[in-house]
Asker: 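Below you'll find the structure I mean.
To find a chain, count down the sequence lines: A is the first, B the second, and so on, and within it residues start at 1. Computed from a predicted structure; not experimentally measured. Scope of the values below: all heavy atoms of this structure, side chains included, with no hydrogens, waters or symmetry mates.
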Protein chains: 2
Amino acid sequence: MSNARLSPSSGQVGRLSEAVSRRGAALSTSPCEACAVRHLTVCAALAEEELRHLSDIVSHVELAPSQCLFQESDEARSVYSVTAGTMKVYKLLPDGRCQVTGFLFPGDFLGLAHDETYAYSAEAVTHSALCSYPKSKLESLLKRFPQMEERLLGMAKHELMVAQEQMLLLGRKTAKERLASFLLMLSRAAARRGQNGNPVLVPMSRSDIGDYLGLTTETVSRSFTQLKRDRIISAESGNRIRLLDDEALQDLAEGA
Amino acid sequence: MSNARLSPSSGQVGRLSEAVSRRGAALSTSPCEACAVRHLTVCAALAEEELRHLSDIVSHVELAPSQCLFQESDEARSVYSVTAGTMKVYKLLPDGRCQVTGFLFPGDFLGLAHDETYAYSAEAVTHSALCSYPKSKLESLLKRFPQMEERLLGMAKHELMVAQEQMLLLGRKTAKERLASFLLMLSRAAARRGQNGNPVLVPMSRSDIGDYLGLTTETVSRSFTQLKRDRIISAESGNRIRLLDDEALQDLAEGA
DNA sequence: CGGGAAGTTGAAGAGCGTCAAAAGTAGTGG
DNA sequence: CCACTACTTTTGACGCTCTTCAACTTCCCG
């Protein structure tokens, strides 16, 4: 009844620009080969030939902050790979209560639906770019290249592990412990992408963080203040957070 | 600090009987062909020849209530398929706080680790039986039979969807809503196995339920009492719960 | 600069947790 | 068959963490 969900700018459910930039696979090197996030994503498993097949079916999507990529129960026509920006995926209860089930960064995969429809909504947190693959065409590629499927299974397993960690967080951790876990997650995700993990950038709002951690914005804010008072973190300019005591933060996050 | 985790009878971490009942695949029909839960599990995707290969590498495990199958951080040597009974998988915080991430029933798969070690512990709730497959051997089978991998990916996707539902429950639902969701889940799981979904059998303790729903045993008990007072459920003999008003239960579970 | 959104802080309240005790249930042995 | 024990479940009283509601401050962006 209170949590921010559809931001005021919503309603504009759609694409900012859906530039089909790839058509004509006669190039000797496919554009996917040059992809900056290739090593992070499914595409890492692929040989040059397979990449060319992917290039043939990919199109590109850009989203402005708070723009919606798809909504729960939309027909699942495409799967996506984030190449730039930050996305959030979330589920809603009829009365508006919102649970963000994950934040996605470059290299992350999105839209792997089990059924014919998506089981969650996806929205841009910051200005974002994605590769879009028609589900049907990707599925035929998967049949031809089993190691792509293997890679996908590996990613699904990893996501499951992360989801179980998050259940532990939501079911059993205190507000302070949740925020500590969240900051470490952000820091590690940045490091994995080759960015600096220590002054960690927090691109999402307090409300988004609350909806991710099962808390209210006020409690998130208070927990930030507590961590600052405990000299475990400090804020350098708004959403740049310096982790002052990594060990203390980890102990907190693990509930020790 | 309070939640039951390692029951008193624990410490006996091990097998009740690990009968390697299959050796000598010279049988014309493999035992897996006769498996009662085959249609529910990975094996459903397989042809006769492939089943025989599975038969060759399977062994069987039986566990008494509260016996441990494996623990978090154990080396992940095997994956399992539940054939009888009820299992629980859970994660622990150092101080003993416990989050049950799932209950498993016949047909469910277990032990799909992304790393070399399990990310959670698994324990029998009731007397249970499982098929055990050495991870390395199963992986070579997967390479030979891509449709097994496809099936596994399908199961992983489904588990992910369930995990996201559970995050919504843990992050945003009230105690009563959580219990309603839980009872519906049990009822549907029973129906899927061809059992009666209405007087639903609840094989696990209040403490296990609490650890699954992110609540204490006391709150679970009080929520049961409330649902009974509201004439939404009634107890027929201990752990047989009659769902009196399915619609009201669903509305509650969905937060309407 | 100025106005609006996002974030912070405070006070009061609700829901769930904690602690304790009673009631119910199951298993054991005389 | 019943008494005895041990455990699980239920119920009650109280307390604490997080939520709610509200006011205030800070940060942006035009």
Asker: In whole Å, I'd like the distance from the CG atom of B/N239 to the C1' atom of C/dG24.
Answerer: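 It is 14 Å, rounded to the nearest whole Å.
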Asker: Report the C-alpha separation of A/Y118 and A/S78 in whole Å, then their side-chain angles, then the decisive distance to 0.1 Å, and conclude whether the side chain to side chain contact (heavy atoms under 4.5 Å, CB included) test is met.
Answerer: CA-CA 10 Å; A/Y118 296 115; A/S78 298; 4.2 Å; yes
Asker: Between A/I209 (CD1) and C/dA6 (P), how many Å, whole number?
Answerer: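 For the pair A/I209 CD1 and C/dA6 P, the rounded distance is 13 Å.
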Asker: Just checking B/F109 against B/Y80, ring centres under 6.0 Å apart?
Answerer: no
Asker: For B/G210, which contact category applies under a 4.0 Å heavy-atom criterion: base, sugar-phosphate, or nothing?
Answerer: nothing
Asker: Which whole-number value in Å describes the distance from B/L213 CG to C/dG15 P?
Answerer: 18 Å
Asker: For the pair B/E123 and B/Y90, evaluate side-chain hydrogen bond (donor to acceptor under 3.5 Å, both in side chains) and give the outcome as yes or no after the intermediate values.
Answerer: CA-CA 8 Å; B/E123 189 182 304; B/Y90 59 95; 3.1 Å; yes
Asker: Please list each protein N or O that sits under 3.5 Å from an N or O in nucleotides 9-16 of chain D, with the distance.
Answerer:
unit_1	atom_1	unit_2	atom_2	d
D/dT9	OP2	B/R206	N	3.3
D/dT10	OP1	B/R206	NH2	3.3
D/dT10	OP2	B/R206	NE	2.8
D/dT10	OP2	B/S221	OG	2.8
D/dT10	O5'	B/S221	OG	3.0
D/dT11	OP2	B/T225	OG1	2.6
D/dG12	N7	B/R222	NH1	3.0
D/dG12	O6	B/R222	NH2	3.4

Asker: For A/K91 and A/T101, test the side chains for any donor-to-acceptor distance below 3.5 angstrom and give the result as yes or no.
Answerer: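 The criterion, which ignores hydrogens and geometry beyond distance, is not satisfied for A/T101 and A/K91.
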Asker: With B/R206 as the cation and B/F224 as the aromatic partner, state whether NZ or CZ is under 6.0 Å from the six-membered ring centre and within 45° of the axis.
Answerer: yes
Asker: Using whole Å, what does the distance between atom C1' of nucleotide C/dG7 and atom CG of A/L227 come to?
Answerer: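 Those two atoms, CG and C1', are 16 Å apart.
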Asker: Quickly work out the A/Q226 CD to C/dT8 P distance and round it to whole Å.
Answerer: 13 Å
Asker: Would you kindly give the CZ-to-P distance between A/R240 and D/dC27, to the nearest whole Å?
Answerer: 16 Å
Asker: Take the protein atom CG of B/L179 and the nucleotide atom C1' of C/dC16, then report the distance between them rounded to whole Å.
Answerer: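 Spelled out: CG on B/L179 to C1' on C/dC16 is 14 Å.
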Asker: Is there side-chain contact between B/L63 and B/V61, with at least one heavy-atom pair below 4.5 Å?
Answerer: yes
Asker: Closest nucleotide of DNA chain D for A/T174 versus for A/G238: which of these residues is on the 5' side?
Answerer: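 Result: A/T174.
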Asker: May I have the distance from B/R178 (atom CZ) to C/dG15 (atom C1'), rounded to whole angstrom?
Answerer: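 About 11 Å, once rounded to whole Å.
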